[in-house]
Amino acid sequence: MKAGFIGAGKAGCSLGRYFVHYGIPLAGYASRSKASAQAAADAAHTQSFDSFDKLLSMCDVLFITVPDGQIKDVWEQIRAFPVREKFICHCSGSLSSAIFSEITEAGAYGYSIHPMFPFNSKKTSYEDLSEALFTLEGDREHRDQMLSFLSVLPNPVVEIEAEHKVRYHAAAVMASNQMAALMNRALRILESCGFSEQEGLMALAPLVRPNLENILRSGPKVALTGPVERNDAATVEKNLNALSGEEKEIYLPLCRELIRIAKSKYPMRSYEHMERILEEEH
């Protein structure tokens, strides 16, 4: 099946080039910006279209890779054209295929296909994207065809139900975007201790990299280290006394989660004293 893209941003450009690399034929790109569509088409060695209907007529699978808030509007525009037996997809992590209202009546098949990957460039490398997991949600009757379409890619594909999309996306935000927030807060605390930002990054790098690698390789329970893991309530209490305001509000719930992991790792160990300290600080 031939694919087409409406939207020439980071996700659309990267996925189009990625599809071409693995032999998925590409009809081309359409966008509100003709210049963006042409640039994306040039990068993927395909063509650009000056209207949505022309692109739609040339492809079997249409990816709407615009910001989440624009997906519904784009669908409302293209549903006015012949869409029967077309596969209409978006790549939002939080939205389901239900955003394509009355798609069944139009004779098309709606899907959300989300690569769990941080697109920070229009030129994402094939090597990086090949490691991403894709989730698939949508029309059940034709799901095998969509899985077959994706099967030429090296990516694992996990099917997900529509009602789980928002929680799934929240998990991705915690692991990715909020990691940046946590690191930023750690850097600000180090700056209050006299570190420059660069010195802070240099200090944290050899701590963070192997820890994340251990978590990804063995899971949080096996990788857990630190004062909570060793049931060092005195150190946790000192940490809390040294923090204030939002710093403490961030530290407390994370400590509670660490205690849950530690209890699973050491079921015979009591963490009551540490839990009492956290409760008193609440």
Side-chain angles (χ1 to χ4, degrees), residues 1-83 86-95 97 99-100 108 110-136 138 146 149-155 157 169 172-173 176-177 180:
M1 295 191 292
K2 186 176 289 188
F5 286 85
I6 293 179
K10 296 173 184 177
C13 287
S14 296
L15 284 172
R17 294 170 66 245
Y18 187 63
F19 285 179
V20 170
H21 181 75
Y22 283 100
I24 293 177
L26 209 62
Y29 285 88
S31 175
R32 289 179 178 175
S33 166
K34 292 183 179 179
S36 295
Q38 187 61 58
D42 290 344
H45 306 292
T46 185
Q47 59 183 320
S48 65
F49 293 83
D50 58 11
S51 67
F52 294 170
D53 60 322
K54 290 180 182 178
L55 171 61
L56 185 62
S57 69
M58 295 293 291
C59 65
D60 307 293
V61 184
L62 180 68
F63 284 84
I64 301 176
T65 51
V66 299
D68 286 13
Q70 298 175 19
I71 293 173
K72 183 176 178 61
D73 290 339
V74 172
W75 163 242
E76 292 300 329
Q77 291 179 58
I78 66 174
R79 65 183 288 193
F81 306 118
V83 294
K86 302 284 186 181
F87 291 78
I88 311 296
C89 311
H90 67 68
C91 296
S92 168
S94 61
L95 298 175
S97 59
I99 195 75
F100 301 132
Y111 293 91
S112 63
I113 298 174
H114 181 248
M116 193 175 273
F117 186 85
F119 290 102
N120 53 22
S121 168
K122 291 185 178 183
K123 299 179 180 179
T124 303
S125 71
Y126 309 124
E127 293 83 2
D128 291 342
L129 193 49
S130 65
E131 297 181 2
L133 179 142
F134 282 46
T135 52
L136 172 68
M146 203 68 250
F149 171 82
L150 296 171
S151 67
V152 300
L153 304 175
N155 308 79
V157 179
H169 187 254
V173 168
S176 180
N177 310 138

Would you please name every residue forming a ring pair (Phe, Tyr, Trp, His ring centres under 6.0 Å) with [X], sequence neighbours left out?
X	value
Tyr22	Tyr18
Phe5	Phe19, Tyr29, Phe63
Phe117	Phe119

Side chains of [X] and [Y]: does their closest heavy-atom pair fall under 4.5 Å?
X	Y	result
His90	Leu95	yes
Val74	Phe52	yes
Cys89	Val61	yes

Taking side chain to side chain donor-acceptor pair (under 3.5 Å) as the test, write out the residues that go with Ser33, two or more places apart. Ser36
Taking all atoms of both residues into account, what is the closest heavy-atom pair of [X] and [Y], and its distance?
X	Y	value
Gly16	Leu26	O-CD2, 3.7 Å
Ser48	Ala41	N-CB, 3.7 Å
Ala172	Met116	CB-CE, 4.1 Å
Ile113	Met146	CD1-CE, 3.9 Å
Ala27	Met58	CB-O, 3.7 Å
Val83	Ala108	O-CB, 3.3 Å

Just to verify, what does Val157 make a side chain to side chain contact (heavy atoms under 4.5 Å, CB included) with, not counting sequence neighbours? Phe134, Leu136, Leu147, Leu150
Roughly how far apart are [X] [atom1] and [Y] [atom2], rounded to 0.5 Å?
X	Y	atom1	atom2	result
Trp75	Ser97	CH2	OG	11.0 Å
Ser151	Ile24	OG	CD1	8.5 Å
His169	Ser176	NE2	OG	9.5 Å
Ser94	His114	OG	NE2	8.0 Å
Lys2	Thr46	NZ	OG1	8.0 Å
Ser92	Ile64	OG	CD1	11.5 Å

Could you go through Leu62 and Ile78, starting from their C-alpha distance and side-chain angles, then the distance that decides it, and tell me whether this counts as side chain to side chain contact (heavy atoms under 4.5 Å, CB included)? CA-CA 10 Å; Leu62 180 68; Ile78 66 174; 3.5 Å; yes
Give me each pair satisfying salt bridge (Lys or Arg N to Asp or Glu O under 4.0 Å) with a member in residues 55-73, each pair once, sequence neighbours excluded. Lys72-Glu76
Give every residue pair that meets the salt bridge (Lys or Arg N to Asp or Glu O under 4.0 Å) criterion with at least one member in residues 34-58, sequence neighbours excluded. Asp50-Lys54
Please tabulate, one pair per line, all N/O donor-acceptor pairs under 3.5 Å involving side-chain atoms of residues 6-15, not counting sequence neighbours.
residue, atom, partner, partner atom, Å
Ser14, OG, Lys10, O, 2.9
Ser14, OG, Ser121, O, 3.0
Ser14, OG, Thr124, N, 3.4
Ser14, OG, Thr124, OG1, 3.0

Between Lys123 and Arg17, does the side chain to side chain contact (heavy atoms under 4.5 Å, CB included) criterion hold? Intermediate values first, please. CA-CA 8 Å; Lys123 299 179 180 179; Arg17 294 170 66 245; 4.1 Å; yes
